[in-house]
Amino acid sequence: MRVAALSLAGLPLGEPADYAAALTSLLKKLQVRLAVLPAHTSFLLCAAQGHLGEISDFPDSFKAFMQKSKDWNEEYLQLHGRLAVENRLYLVPGTTVEEEGGRFFITSYLLGPDGKNMGRQRQAHLNREERGLGLSRGGELSLFDLAGMKTGLIIGTDARHPEVGRILALEGADLVVHCGALAAGRELAFQPAGIWAQVQQNQFWAVEAQLGRSMGNRAFGGQCAVIGPCEITPGFTGYLDREAAGKPFAAAELREADRRRIKSDYPLLKLLRPEAYRGRLPELYR
Amino acid sequence: MALDGWKERLFRQYLYWICRPARLKRKLSALVKERRPAPPVEGRRLKAAALQVKIRLFKEPLDYAAEMHRRVAEAAAAGAQLVAFPEDNNLPLLGFLPGLEEVGETLSDGEPEAPPIAAGAPEITVAEVIRYAGPVMAPFLETLYSSLAASYGIYLMAGSFLLPDGERVVNRAFLYGPDGKLIGTQDKVHLMPIEVEWGISAGREFNLFETAAGKIAAPVCMDATFFETFRILELQGAEIVIIPIANPEPYNYWLALRGIWPRVQECPVYGIKSALVGKLLGFEFTGRAGIFAPAELTPGGSGVLAEVESPEEEGMAVAEMDLEALQELRRDHPWRDSNPVLYRRYFPHIYSVLEESQRFEEAAGD
C-alpha cells in the first residue's frame with residue numbers, strides 16, 4: 001500500500017475550493033491509498049477562512065477555536081470527505097477539537113474512500129499547555145481496518161508516551177498514523193524519540209504528518225516521514241521517506257511481506273517479559 | 001575442557017590459585033599507591049564516567065585487574081564520582097582457560113568452522129563454561145571491584161558478569177558504593193535470542209538502589225529496548241539509569257539509537273551507557289559509551305551530555321548530572337502526562353495476548 005504524510009506547507013488555506021484543488025493536485029501526483037494531514041489542520045483552516053478573527057496569540061486563538069469547533073466540524077469533515085471520495089483514498093485529516101458533555105477533546109478521524117467517517121480517536125495524553133486550555137484526555141484506543149491493515153491513530157503528545165504504541169501493537173496494529181505539530185526549534189532534535197521510537201519497539205509501520213506552517217506567533221517545524229523497522233529501510237535508518245526542502249510530504253510503499261519477515265526473524269514483542277511488569281505496573285500507574 | 005578425574009580437579013585448583021583474593025589484593029595495593037580519590041558527592045550534582053572498554057582475553061587474571069584499575073584511575077582523575085563498566089565485563093577473564101585465545105584468533109582469521117562455544121552446540125554451551133569458571137571468577141571479581149570502589153571513593157557499576165547462580169546462569173550487573181560495599185545487583189531481564197541459546201536465564205524484576213548520590217538502577221543492554229524497564233524504574237523514582245552494553249553487530253547510528261536515548265526522553269532520567277567494543281570469538285562488539293539526559297536538560301536539546309567518538313575503540317565519556325534540575329523538570333514537565341484511566345483499561349492484561357500466542361505456538365509445535 002502506498003501512503004503519504006503531508007505538512008500543509010505552501011497550500012492555500014483561505015478558500016475551501018482553493019485548498020481542495022491544491023490538495024487534490026498534490027494527491028494525484030502522489031498516487032497514494034492513504035494520506036495523513038498534521039495536527040491542527042482543522043484549527044488552521046478555521047482560522048485561515050476567517051472564523052476566528054486575527055490569529056496572534058496561539059493559546060487565545062485555540063480557546064476561541066474550541067468554542068467554535070462544534071459548528072465548524074461538520075464543514076471540516078464534509079470538505080475532507082469530499083476530498084477522500086475525489087481522490088479515492090483513506091484520509092486522516094489531521095486533528096480537530098470535539099466537544100462532548102461540556103468536555104473538549106483533541107480528536108482525529110479516519111475517512112474512507114467513500115467519504116464516510118470510519119471512526120475517531122481522542123488524544124490520550126495532554127501537554128502542559130493543553131491541560132491549561134482545559135482539554136480532556138481520551139481513555140480508549142481503537143484499531144480500524146484500513147484495506148486489510150489494522151490501523152491505529154496516535155495523536156500529538158501521545159507519540160511521546162510509549163504506552164500508546166505498545167497497546168496498539170499488542171492489539172495487533174500493522175500501521176499507525178500520527179498527526180503531529182512539533183514547535184520549531186529545540187523540540188526538533190528529539191522528534192525520533194516519538195513515533196520513530198514507537199515503531200522500533202513495536203515493529204509496525206507509521207505515517208507521521210508534522211505541521212509545516214506558522215500560526216500566529218508560533219512556528220512549527222517537524223518533519224513528515226514514513227517509518228518502518230530499521231532492518232527493512234534503506235541504510236537501517238528506519239525511514240522509507242522523509243520530508244525535505246521543497247518537498248512538503250513523505251510518501252512510500254509499505255511492503256507488508258518485508259515487515260512480516262523481520263517480525264519473524266527478530267520477533268521483538270515476543271522478547272517482552274510480562275512477568276517482570278505485571279507485579280509493578282498496575283501499582284505504579286495508579 | 002575434556003578433562004576428568006584428578007586432572008580436572010588439579011586444573012580447577014590451579015584456577016583458584018591464580019585468582020585467589022590474597023594474590024589480587026597484593027597486586028591492587030601496589031597499583032593504588034598513587035591513587036587520586038574522586039571528590040565525595042556533595043549536594044545533588046554528580047560527575048559520571050561511562051567507559052568504553054576494548055575487549056581482549058587475559059591469560060593472567062592480574063593483568064585484567066591492572067587494566068580495570070587503569071580505567072578506574074583515569075575516570076577518577078577526570079573527577080568522576082560514578083564510573084560504569086560495560087556488559088559481559090568478566091569475559092576477558094576467561095582467557096585463563098587454555099585454548100580460548102587461539103580459538104578466538106582462528107575465528108578472527110575467518111575460519112568458517114565455528115567452535116562449539118560460539119556456535120552454542122549441544123556438546124558445550126556458554127552456560128556450561130560459565131558454570132565451570134564462575135565459582136573461580138566470582139570472588140576475584142568481588143574483591144577487585146569492591147577494592148577499586150573503596151580505593152577511589154567512587155560509586156562503581158562494575159559492568160555485568162555472566163555468572164552461575166545455583167542451577168541458573170545469569171547476566172548480572174553489580175553496583176558498589178564508595179566504601180567498597182556491594183549496594184546491589186540487577187539480572188538482565190530481557191535476553192537476546194542468542195543468550196537464550198547460550199543457556200542464560202532471565203531476571204525477574206527491576207531493582208532500584210537508593211544511595212547518597214541519588215536513586216540508581218542498572219538494567220542490562222537489551223533491557224533498554226523496551227520502555228517498560230525505564231517506566232517501572234522512573235515511577236519508582238529512579239534518577240540515574242545505567243545501561244551496560246555489549247552489542248554484537250557492526251555499528252550503525254540508527255540501530256544504536258533504539259536503546260537508551262529514546263528511553264531517557266520518554267521517562268525523564270539521566271542515562272549512562274557503558275560499552276564493550278572489539279572482536280572476540282567471532283563476535284564484533286560496537287557501541288558509543290555516553291551520558292544522556294532529557295532533551296530539556298541538554299545544550300541544543302540533543303539529549304546527549306557526552307559521547308565517545310569512535311564506536312570501535314577504547315574511550316570514556318564524562319559529564320555532570322544535576323539531579324535537582326531533573327526533579328524540577330519532573331515537577332513541571334512541558335509534555336509528560338499520565339492517563340490512569342487508559343492504563344487501568346489495558347495494563348497489565350494487554351500482555352496476556354503474548355502468552356496466549358505462545359501457548360498457541362507451543363500447541364501447534366506439539
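Below, each value reflects all heavy atoms present in this structure, side chains not excepted, and no hydrogens, waters or symmetry copies. In what follows, every chain begins at residue 1, and chains take the letters A, B, ... in the order their sequences are listed.
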Practice item. Before accepting this row, confirm whether a basic side-chain N of the pair A:R160/B:D337 lies closer than 4.0 Å to the acidic partner's carboxylate O. Key: no
Practice item. Run the numbers on B:I350 and A:R166 for side-chain contact (heavy atoms from CB on, under 4.5 Å), then give the verdict. Key: CA-CA 9 Å; B:I350 188 77; A:R166 182 69 87 231; 5.7 Å; no
Exercise for review: Kindly give the heavy-atom pair with the smallest separation between B:I232 and A:L284, and that separation in Å.
Suggested key: O-CD1, 3.6 Å
Review point. Should the heavy atoms of other residues, nucleotides or ligands under 6.0 Å from CZ of A:R128 be counted, would the total exceed 12?
Key: yes
**Study point:** Rounded distance (nearest 0.5 Å) linking atom CZ of B:R231 with atom OH of A:Y277
**Key:** 13.5 Å
Review point. Side chain, backbone, both or neither: which part of A:T237 has an atom under 4.5 Å from a heavy atom of chain B?
Key: both
Exercise for review: Return yes if some donor-acceptor pair links the side-chain N/O of B:N339 with the main-chain N/O of A:A124 below 3.5 Å, else return no.
Suggested key: yes
Revision key, fill the gap. Ranked by heavy-atom pairs below 4.5 Å to chain B, first place among A:N202, A:T157, A:L268 goes to A:L268
Review point. For the candidates A:P274, A:G165, A:G138, which exhibits the highest count of non-hydrogen atom pairs separated by less than 4.5 Å from chain B?
Key: A:P274
Practice item. Just give me the residue among A:G194, A:P162, A:G238 that pairs up with chain B most often, heavy atom to heavy atom, under 4.5 Å. Key: A:P162
Check your understanding: Hey, does A:R278 have a side-chain heavy atom less than 4.5 Å from the side chain of B:F347?
Key -> no
Review point. Pick from B:M222, B:H349, B:R345: which one has the most heavy-atom pairs with chain A under 4.5 Å?
Key: B:R345
Exercise for review: Taking the side chain as every heavy atom from C-beta outward, state whether B:Y346 and A:E140 have any atom pair closer than 4.5 Å.
Suggested key: yes
Review point. Of all of A:R137, A:E275, A:Q200, A:E163, which one pairs up most often with chain B through heavy atoms under 4.5 Å apart?
Key: A:E163
Practice item. Kindly give the heavy-atom pair with the smallest separation between A:P282 and B:P348, and that separation in Å. Key: CG-CD, 3.6 Å
Review point. Who wins among A:E130, A:E283, A:E171 for the most heavy-atom pairs under 4.5 Å with chain B?
Key: A:E171
Check your understanding: Taking the side chain as C-beta and beyond, is there a heavy-atom pair between B:W261 and A:P192 under 4.5 Å?
Key -> yes
Review point. Highest number of heavy-atom pairs under 4.5 Å with chain B: which of A:T233, A:V164, A:I167?
Key: A:I167
Practice item. Could you have a look at B:F206, B:Y253, B:Y351 and say which one has the most heavy-atom pairs with chain A under 4.5 angstrom? Key: B:Y351
Check your understanding: Hey, does A:Q198 have a side-chain heavy atom less than 4.5 Å from the side chain of B:E266?
Key -> no
Exercise for review: Check each atom of A:P267 against the heavy atoms of chain B and say whether the ones under 4.5 Å are side chain, backbone, both or neither.
Suggested key: neither
Review point. Among B:V264, B:L255, B:V341, B:L191, who wins on heavy-atom pairs under 4.5 Å with chain A?
Key: B:L255
**Study point:** Reported CG-to-CZ distance for the pair A:L281 and B:R344, which is rounded to 0.5 angstrom
**Key:** 14.0 Å
Point to revise | Which atoms of B:H333 approach chain A - backbone, side chain, both or neither, heavy atom under 4.5 Å | key: backbone
**Study point:** Ion pair B:E228/A:R273, N-O distance below 4.0 Å
**Key:** no
**Study point:** chain A contact via B:V189 - which portion, at a heavy-atom distance below 4.5 Å
**Key:** both
**Study point:** Part of B:R336 within contact of chain A (heavy atom distance under 4.5 Å)
**Key:** both
**Study point:** CG-CG distance between A:L272 and B:L354, expressed to the nearest 0.5 angstrom
**Key:** 5.5 Å
Exercise for review: Answer yes or no: are there more than 12 heavy-atom neighbours, outside A:R131 itself, under 6.0 Å from its atom CZ?
Suggested key: yes
Practice item. Answer yes or no: is there an ion pair linking B:E205 with A:R280, defined by an N-O contact shorter than 4.0 Å? Key: no
Review point. Considering only heavy atoms from C-beta outward, does the side chain of B:P193 approach that of A:L271 to under 4.5 Å?
Key: yes
Check your understanding: Does NZ in A:K247 sit with more than 12 non-hydrogen atoms of other residues, nucleotides or ligands closer than 6.0 Å?
Key -> yes
Review point. In terms of heavy-atom proximity below 4.5 Å to chain A, should B:M192 be classed as side chain, backbone, both, or neither?
Key: neither
Practice item. May I ask you to decide whether B:R258 forms a salt bridge with A:E231, counting only side-chain N to carboxylate O separations under 4.0 Å? Key: yes
Review point. Relative to each other, are the rings of B:W254 and A:W196 parallel, tilted or perpendicular (30° and 60° limits)?
Key: tilted
Point to revise | Atom pair OG1 (B:T298) and CZ (A:F190), whose distance is rounded to the nearest 0.5 Å | key: 8.5 Å
Review point. If we only count heavy atoms from C-beta on, is the B:W335 to A:H125 side-chain gap below 4.5 Å?
Key: no
Practice item. Check each atom of B:E234 against the heavy atoms of chain A and say whether the ones under 4.5 Å are side chain, backbone, both or neither. Key: neither
